[in-house]
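One structure is given here, and the rest of the page talks about it.
Only this structure's heavy atoms are used, side chains among them; waters, hydrogens and symmetry mates stay out.
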Amino acid sequence: MATVGSTHIEVDDQGVARIAGTTTKVIEVALDYLAYGWSPDEMHNQHPYLSLAQIHAAMVYYYDHQNEFDARIRKDLEEVDQLANDAQDSPLRQKLLQLKKSRL
């Protein structure tokens, strides 16, 4: 029996998996599922330029590499939290808050 591979997913030189022929990253499709709970049909409704086959291929690739993707998602969330914390008292934010108060 021959093994057939999917041609729906491409991995670039930096290791980023994308849906072939698009700029859509596999992680974006996975996040639609994880963050919004979207089914493949809902993802297709939201992104009609992606076929159901492409969406399913992205989800298969995600599940085949779930530990790597989940670790990347956690790392990105930690970075966002750190950036948000760092920006709390930034000089620009303080200046904008003062400007807002002066206009009230």
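To the nearest 0.5 Å, atoms OG (Ser90) and NZ (Lys95) are separated by 11.5 Å. Of the inter-residue distances, the one linking Asp12 atom CG with Lys25 atom NZ reads 8.5 Å to the nearest 0.5 angstrom. With rounding to the nearest 0.5 angstrom, the CG atom of Asp32 is 11.5 Å from the CD1 atom of Ile27. One distance of note links OG1 of Thr22 with NE2 of His8; it measures 11.5 Å at 0.5 Å rounding. Here the NE2-CD distance, from His47 to Glu28, works out to 8.0 Å after rounding to the nearest 0.5 Å. In this structure, the separation between CD on Gln98 and CZ on Arg103 is 13.0 Å, given to the nearest 0.5 Å.
Judged purely by distance below 3.5 Å, without hydrogens or angles, the side chains of Glu42 and Gln46 pair a donor atom with an acceptor atom.
Looking at Arg93 and Asp89, no side-chain N of the basic residue comes within less than 4.0 Å of a carboxylate O on the acidic one, giving no salt bridge. Looking at Lys75 and Glu79, a side-chain N of the basic residue comes within less than 4.0 Å of a carboxylate O on the acidic one, giving a salt bridge.
Follow the hydrophobic side-chain contacts under 4.5 Å out from Phe69 and you never reach Val16; the two are in separate clusters. Note: the hydrophobic cluster containing Tyr36 also contains Met43 (ILVMFWY, side chain heavy atoms under 4.5 Å, direct or indirect links). If you chain together hydrophobic residues whose side chains sit under 4.5 Å apart, Tyr63 and Leu50 fall into the same group. Residue Tyr33 is not grouped with residue Leu52 when hydrophobic side chains (ILVMFWY) are merged at heavy-atom distances under 4.5 angstrom, including chains of intermediate members. Hydrophobic clustering (side-chain heavy atoms under 4.5 Å, transitive across Ile, Leu, Val, Met, Phe, Trp, Tyr) keeps Ile73 apart from Val60.
Of the possible donor and acceptor atoms, one in the side chain of His65 sits under 3.5 Å from a partner among the backbone N and O of Tyr61.
Residues Ile9 and Ile19 form a side-chain contact, since some pair of their non-hydrogen atoms from C-beta on lies under 4.5 Å apart.
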I'd like to know whether Ile55 forms a side chain to side chain contact (heavy atoms under 4.5 Å, CB included) with His44, so could you lay out the CA-CA distance, the side-chain angles of the two residues, the decisive distance to 0.1 Å, and finally the verdict. CA-CA 7 Å; Ile55 292 166; His44 181 62; 3.8 Å; yes
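The nearest pair of heavy atoms linking Tyr49 to Gln54 is O-OE1, 3.9 Å. Among all heavy-atom pairs drawn from Ser102 and Leu99, the shortest one is OG-O, 2.7 Å.
No option in Asp76, Asp70, Leu77 other than Asp70 meets the side chain to side chain contact (heavy atoms under 4.5 Å, CB included) test with Arg74.
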